[in-house]
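First up is the structure itself, then whatever we jot down about it.
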Amino acid sequence: MITNKMKVQIAGDSHGPAIYGVIENFPFGFEIDVQRINEDLRLRQIGYGRGARMKQEKDAVEIESGIWMGFSTNMPIVLRVKNRGTYPEGDDKRTVPRPGHADYAAFKKYGYDDMRLYAEGASARRTAGTVAAGSLCRQWLETQHIKILSYVDSCGPVENKNNSITDIEELRALRDASCVFCPNADTTKKIVKIIDEAKREGDTLGGKIKTVVKGIKAGLGSFSSASTRLDALLAANICSIPSVKGFYLGNPMVHEMVGSLAHDKIQKIDDQVIRPSNNAGGIEAGISNGMPIEFTAYFKPIPSLSKGMASIDIQTGESSDVNYVRSDVTAIAPAAIVVEAVTAITIMDFVLSENDKR
């Protein structure tokens, strides 16, 4: 994770003993709600379209350091999430890379011919550590009156057309009530249908995640460098999530507009600066402008297909179908929880950095 003030590292193998989230420079004296972390871990595991792996795991966080009597000590916080699904000893190695996964590119980089190695490092299982760390950060941000919500805005070709609700807590309740984490009941039904269709075909689906951050005042971030631009670090950290192929800040159609319509007008009403639109997504020139931060993350379909895909055996050089590895039809629902966590880590880091300047 790219940060300035607060250092966050995710460690552990997908099928190893555990996944770890390590946070340095977390503020002293913050009371931790472990149950809230565990609830976010639970949400990351569910969602319509999930596969067999998640049925093996029962994620719960264990805090190994950095917490004393329930509050943070400013020492490094180590969060541990145990794995139950581990590789058996002597399991045959895999020599056929999956299209769309890290397998082939990583093989060309490192030269080791067992694809399982690359699955360990590139697997989305490691996002359990991200969610644990991000959940803790989101708790702290709420004490600063900053709220974050991510939800499914599309799955495959099915789009969420009803975006009239803006209250974050109302959206969260609707999201969590949906089996695909979309805060619209009609869209949820359509997504369930298309997931069922993809499963019957042995195929997979991607989608879009919409994120809203409220409570950030104008002036967070900087235009002076890539490492201090709020938009740049949000984009970098969101794009570090497995399967993310795109990031769009604000209105994703703004590139089609003329400038007079694209740019958010500035008005003053009753001594308050008002923007009648938010096409910029709350950030201009790398700095928050006082409007809600809004962005969209685009996820590709999962690369493990039950119907297989054409590939080659890297040992023999001959054509070979990919052997099916247990997987989801789609992980777009839990992707919302992961994006929310990464957003919380990134925003908290900027808030801490800004506090240091005062």
Heavy atoms from other residues, nucleotides or ligands near CZ of Phe107 exceed 12 (cutoff 6.0 Å): yes

Take Thr127 and Arg44 through the side chain to side chain donor-acceptor pair (under 3.5 Å) test and state the conclusion after the steps. CA-CA 9 Å; Thr127 61; Arg44 192 200 72 89; 3.0 Å; yes

Are any side-chain N or O atoms of Ser178 and backbone N or O atoms of Val180, one a donor and one an acceptor, separated by less than 3.5 Å? yes

Using a cut-off of 6.0 Å, state whether more than 12 heavy atoms not belonging to Lys300 lie near its atom NZ. yes

Is it the case that Asp196 and Tyr48 place a side-chain donor and acceptor less than 3.5 Å from each other? yes

Is there a side-chain contact between Met348 and Ser353 (heavy atoms, below 4.5 Å)? no

Can you tell whether the side chains of Lys5 and Asp349 come within less than 4.0 Å, N to carboxylate O? no

Can we say Glu159 and Lys208 salt-bridge, meaning some charged N sits less than 4.0 Å from an Asp/Glu carboxylate O? yes

Check this for me, if you would: do Lys93 and Asp113 make a salt bridge, where the nitrogen-to-carboxylate-oxygen distance has to be below 4.0 angstrom? yes

Can you find a side-chain donor-acceptor pair between Thr343 and Thr211 that sits under 3.5 Å? no

Can you give the donor-acceptor pairs under 3.5 Å from side chains of residues 240-248 to other protein atoms, not counting sequence neighbours?
from	atom 1	to	atom 2	distance (Å)
Ser240	OG	Asn237	O	2.6
Tyr248	OH	His255	ND1	3.1

Heavy-atom neighbours of Phe71 CZ exceed 12 at 6.0 Å: yes

May I ask you to decide whether Asp328 forms a salt bridge with Lys199, counting only side-chain N to carboxylate O separations under 4.0 Å? no

Distance, nearest 0.5 Å, that separates CD1 of Ile312 from OG of Ser320: 9.5 Å

Group every Ile, Leu, Val, Met, Phe, Trp and Tyr by side-chain heavy-atom contacts under 4.5 Å, then state whether Ile46 and Ile209 land in the same group. yes

CE/Met75: more than 12 non-hydrogen atoms of other groups inside 6.0 Å: no

With a cut-off of 6.0 Å (strictly less than), are more than 12 heavy atoms of other residues, nucleotides or ligands near NZ of Lys210? yes

Does the side chain of Ser14 come under 3.5 Å of the side chain of Arg126 through a donor N or O and an acceptor N or O? no

Kindly list each side-chain donor-acceptor pair under 3.5 angstrom involving residues 28-42, sequence neighbours excluded, with atom names and distances?
from	atom 1	to	atom 2	distance (Å)
Asp33	OD1	Gln35	N	3.2
Asp33	OD1	Arg36	N	3.3
Arg36	NH1	Glu142	OE1	2.9
Arg36	NH2	Glu142	OE1	3.4
Arg36	NH2	Glu142	OE2	3.1
Asn38	OD1	Val61	N	2.8
Glu39	OE1	Arg42	NE	3.0
Glu39	OE2	Arg42	NH2	2.8
Asp40	OD1	Arg138	NH2	3.3
Asp40	OD2	Ser135	OG	2.8
Asp40	OD2	Arg138	NH2	3.0

In the structure I gave you, are the side-chain heavy atoms of Asn83 and Arg125 within less than 4.5 Å of one another anywhere? yes

May I ask you to decide whether Lys307 forms a salt bridge with Glu201, counting only side-chain N to carboxylate O separations under 4.0 Å? no

State whether the number of non-hydrogen atoms from other residues, nucleotides or ligands found under 6.0 Å of Lys214 atom NZ is greater than 12. yes

Lys7, NZ: over 12 other non-hydrogen atoms inside 6.0 angstrom: yes

Looking at Gln272, I'd like to know if its CD atom is crowded, meaning that more than 12 non-hydrogen atoms belonging to other residues, nucleotides or ligands lie closer than 6.0 Å. no

For Glu340, is there an ion pair with Arg172 - N to carboxylate O distance below 4.0 angstrom? yes

May I ask you to decide if Pro97's main-chain N or O and Ser311's side chain share a donor-acceptor pair within less than 3.5 Å? yes

Of all heavy-atom pairs between Met6 and Cys137, which one has the smallest distance, and what is that distance? CE-SG, 3.7 Å

Pairing donors with acceptors under 3.5 angstrom, does anything connect the side chains of His15 and Asp13? no

Assess Arg175 against Phe181: is NZ or CZ under 6.0 Å from the centre of the six-membered ring, and within 45 degrees of the ring's axis? yes

